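So the structure is just underneath, and the comments pick up after that.
We name chains A, B, ... by the order of the sequence lines, and we start the count at 1 in each one. Given the structure is predicted, the values throughout are model-derived calculations rather than measurements.
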Number of protein chains: 2
Amino acid sequence: MHAHLPDGLADGVFPAGCPSRTVLDHITSKWGVLILLSLSEGEQRWSELRRRAEGISEKMLAQTLKTLERDGLVLRKAQPVIPPRVDYSLTERGHELSDLLVPLVTWAYNNADDIINGQR
Amino acid sequence: MHAHLPDGLADGVFPAGCPSRTVLDHITSKWGVLILLSLSEGEQRWSELRRRAEGISEKMLAQTLKTLERDGLVLRKAQPVIPPRVDYSLTERGHELSDLLVPLVTWAYNNADDIINGQR
DNA sequence: TAAGGTACTCACCTTTTGGTAAGTTATGGG
DNA sequence: CCCATAACTTACCAAAAGGTGAGTACCTTA
């Protein structure tokens, strides 16, 4: 009936030093989720990402993009022009992930009001 | 081909004060995810949760469980016995959510090594 | 009488996270 | 000559998250 955890986590124990903990932290970080989701709609420039992930600071945008790029989830294409132009997009792996993230965020979006107002 | 965002988020903008931001923060919090996942395997006691979400402190366990309970995702059943016995389980809404969280964590678990070692 | 078990809470302190404002780069346009 | 532009980086500071160790409750068992 319900989804179940992979064998390695079957007993529900999540080892503290496990790489999956680190990855989970990256992909569930506040700004990480928002950027991944934004990019799931297509390639975008730095300034566009800033606008779409409303409230993010330049510092956090840079930091988050670097982490996602190192993780092979986001691709950075810089054009050697002045003023600079940099396009960000999801890698194949990033798409795999965002396909799982989208239903989650959609659920959060649909249930947010009920949850915050303490209904049901 | 790819999953897409709900209409309210169609332009990829996530309003800063939006309730869905708050909910997203709760359900993607480091310990929140782990507890939700652990409970997806069935009802558990406080001490069992402590053990399974390896590394969590009592303070964070209490705090996280309170948030999840307030959000209507986790049910707290306290039995009036000494020593105390409290059982935690997912609500229906909690199950809906964990069904979306499980594939995400499974993906993270399967890809963690490649991501951390910078492969692909 | 004293210790043990369970599920907490609290006060205090450290660590991490994140914001702000300034600086950087190189070129084209006025 | 100088300002605007885009995509950053840096230093500094404030805020939030989180750890530690102690304390609490109450009954049961030794």
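- The minimum heavy-atom distance linking B/Leu5 with A/Ser40 is given by the pair CD2-OG, 4.0 Å.
- Atom C1' of nucleotide D/dG18 and atom CZ of A/Arg21 are separated by 14 Å, given to the nearest angstrom.
- Heavy-atom minimum distance, B/Ser38 versus B/Arg52: OG-NE, 3.1 Å.
- One interatomic measurement links the two molecules: CD1 of B/Ile56 to P of D/dT20, which rounds to 13 Å at whole-angstrom precision.
- Within the 4.5 Å cutoff, side-chain heavy atoms of B/Trp31 are placed close to those of B/Leu34.
- When distances run from any side-chain atom of A/Arg76 to the nucleotides D/dT20, D/dA22, D/dC8, the shortest one goes to D/dC8.
- A/Gln63 has its CD atom 12 Å from the P atom of D/dT10, to the nearest Å.
- Atom CE in A/Met60 sits about 15 Å away from atom P in D/dC8, given to the nearest Å.
- If you take CG on B/Leu9 and NE2 on B/His4, they are separated by 11.5 Å, rounding to the nearest 0.5 Å.
- By the 4.5 Å heavy-atom criterion applied to side chains, B/Arg76 and B/Trp46 are not counted as neighbours.
- In this structure, A/Leu61 places its CG atom 8 Å from P of D/dC8, rounding to the nearest Å.
- Atom-to-atom, CH2 of A/Trp46 to C1' of D/dT5 comes out at 15 Å; the value is rounded to the nearest Å.
- Protein atom CG of A/Asp87 is 12 Å distant from nucleotide atom C1' of D/dA6, rounded to whole Å.
- Across the interface with DNA chain D, nearest-nucleotide mapping of B/Ile82 and A/Pro83 shows A/Pro83 to be the residue nearer the 5′ end.
- Proximity of A/Ile116 to B/Thr22: side-chain heavy atoms (C-beta onward) are separated by under 4.5 Å at one or more points.
- Between D/dA6 and A/Tyr88, no contact under 4.0 Å exists linking OP1 or OP2 to a side-chain N or O.
- Contact between the side-chain N/O atoms of A/Arg45 and the OP1/OP2 oxygens of D/dA7 is found at a separation under 4.0 Å.
- Ranked by how close their nearest DNA chain C nucleotide is to the 5' end, A/Pro84 and A/Lys59 are led by A/Lys59.
- For DNA chain C, the outermost nucleotides in 5' to 3' order that have an atom under 4.0 Å from a heavy atom of chain B are C/dG5 to C/dT9.
- Partner of B/Asp71 under the side-chain hydrogen bond (donor to acceptor under 3.5 Å, both in side chains) criterion, chosen from B/Lys66, B/His26, B/Arg93: B/His26.
- Here D/dT24 presents its P atom at 16 Å from CD of B/Glu58, a figure rounded to the nearest Å.
- In this structure, A/Lys66 reaches the D/dT9 phosphate: one of its side-chain N or O atoms is under 4.0 Å from OP1 or OP2.
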